[in-house]
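The structure appears below as structure tokens.
Lettering follows sequence order; numbering is per chain, from 1.
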2 protein chains.
Amino acid sequence: MDVKTVCLGMLTDGPASGYDMKKCFESSFGHFFPAGYGSIYPALATLARNGMVEFEEVPQEGKPDRKVYTITEKGRKELMQGLSNPQPTHRVRSEFLAMMCFAHLMTEEQVNLVIDNKLLEIENFLKLFEKPLCNQCSSMPNGARFVAGFGQFVASSLKGYIEENREMLTSSGAEKVKVAVGQ
Amino acid sequence: MDVKTVCLGMLTDGPASGYDMKKCFESSFGHFFPAGYGSIYPALATLARNGMVEFEEVPQEGKPDRKVYTITEKGRKELMQGLSNPQPTHRVRSEFLAMMCFAHLMTEEQVNLVIDNKLLEIENFLKLFEKPLCNQCSSMPNGARFVAGFGQFVASSLKGYIEENREMLTSSGAEKVKVAVGQ
DNA sequence: CTTTTATATATCAAACTGATAGTATGCATC
DNA sequence: GATGCATACTATCAGTTTGATATATAAAAG
């Protein structure tokens, strides 16, 4: 299950260009499966070379040609193959958590800044769900609703955990008391 | 903040070999910052080349020599530099969620198998916290306790969300009803 | 009038992933 | 008694991904 498979999946919704797909990654997929041009374009090139997709070059005025990709029958089979893995991964790579492991090497100001920024980031993410948006909330496939709900739920859990435990990372009560008692 | 920085951080706890660090990644760091030999050994080689670490080759009986790395003063400065980024990332890459977006292209059996496996995986992960382990729970730096608690909290949140919403992904009541009414 | 944003393509160095390889001991399974 | 597997240690490699950059034009923002 790499970027190629996700691109094939996106194309089951209708033809699209690499640029369209990038926007789709940015707005939704990218929150749990990031991809940039550097992986999308090579993926599409490989898929085309292997007959999984076909493309039509659509000329435009004043803009580069659009390459509009369509999934083929072979591509659909490949997609089903990709969806047949019974143990898909779910990986986190967090500079944030790695950094917090070394909080004792940082100043209190540094730690607080990092945490405040992270909370802001999470709050901004949660705002995406408040809007009357979900352009097609009702028309959204169940899978997409499950995943969106997942993201919202995890984000608000995170926020709660960080808020309730952040003092663990800074001059914790315990340590301050010890110092006071020691003197 | 790449593997090099995390290696430097690990070395502030005392000298270690690449193999030791791999075990450390496997047992703890890897849950939120994965790294394999393919990134650890090149990272250590680069760090040594740039004077961030020094190493001593310790011969052993019947086993390959251990290369025991120690952080240098220059390495400590580099680490502080790495810890000074006020906006560390926290990224998820989830084949699981991507797959669930395409649940409507899968059979109900496939979806159920994937979800059952994922729940088992989460339960196994949660078992790591039940043990009287945390070899040094009390001696653990606060940062590590914060991060461990974070992992435990997120995992149990995930479990709850999946259990409560999984029926959204399979032949949902709603759709079954619609079919029945339509006939 | 200049900078930014949007539309569209594409590439590249550096980093990372997952697998493989080599070498030696011990331990269990057949 | 042999075969395979786990542990201990190093290391590399092909394929992917990341993040930045390049190219080109037009419209909107400042």
Atom [atom1] of [X] to atom [atom2] of [N]: distance rounded to whole Å?
X	N	atom1	atom2	value
A:Asp2	C:dT17	CG	C1'	12 Å
A:Tyr41	D:dT21	OH	P	18 Å
B:Met1	D:dT18	CE	P	18 Å
A:Leu44	C:dT11	CG	C1'	15 Å

Residues of residues 17-34 of chain A with a heavy atom under 4.0 Å from any atom of DNA chain D, listed by number, are A:Pro34
Considering only heavy atoms, which members of residues 48-56 of chain B lie under 4.0 Å from some atom of DNA chain D? none
Would you indicate whether the side-chain heavy atoms of [Y] and [X] approach each other to under 4.5 Å?
X	Y	answer
A:Asp65	A:Val58	no
B:Phe125	B:Glu121	no
A:Met1	A:Asn85	no
B:Phe153	A:Leu158	no
A:Glu78	A:Leu47	no

Could you check which residues of residues 78-98 of chain A get a heavy atom under 4.0 Å from DNA chain C? Sort them by number, please.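 A:Arg91, A:Arg93 - these, ordered by number, are the residues of the stretch whose heavy atoms sit under 4.0 Å from the strand.
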Is it the case that A:Arg93 places NZ or CZ above or below the six-membered ring of B:Phe32, under 6.0 angstrom from the centre and within 45 degrees of the axis?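 Not satisfied by the 6.0 Å and 45° rule.
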Counting only N and O atoms by type, is there a donor-acceptor contact under 3.5 Å from the side chain of A:Ser17 to the main-chain atoms of A:Val68? no
I'd like to know if the side chain of B:Asn50 reaches the main chain of B:Met52, judged simply by a donor and an acceptor atom lying under 3.5 Å from each other, with no hydrogens or angles considered. no
In terms of ring plane angle, is the pair [X] and [Y] parallel, tilted or perpendicular, where the classes change at 30° and 60°?
X	Y	answer
A:Tyr69	A:Phe55	tilted
B:His104	B:Phe102	tilted
B:Tyr161	A:Phe146	tilted

Select one nucleotide: of D:dT18, D:dT16, D:dT12, the one nearest the side-chain heavy atoms of A:Lys4.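 It is D:dT16.
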5' priority, DNA chain C, between A:Arg66 and A:Gly38 [closest heavy atom]: A:Arg66
Under 4.0 Å between a side-chain N/O of B:Tyr37 and OP1 or OP2 of D:dA11, yes or no? no
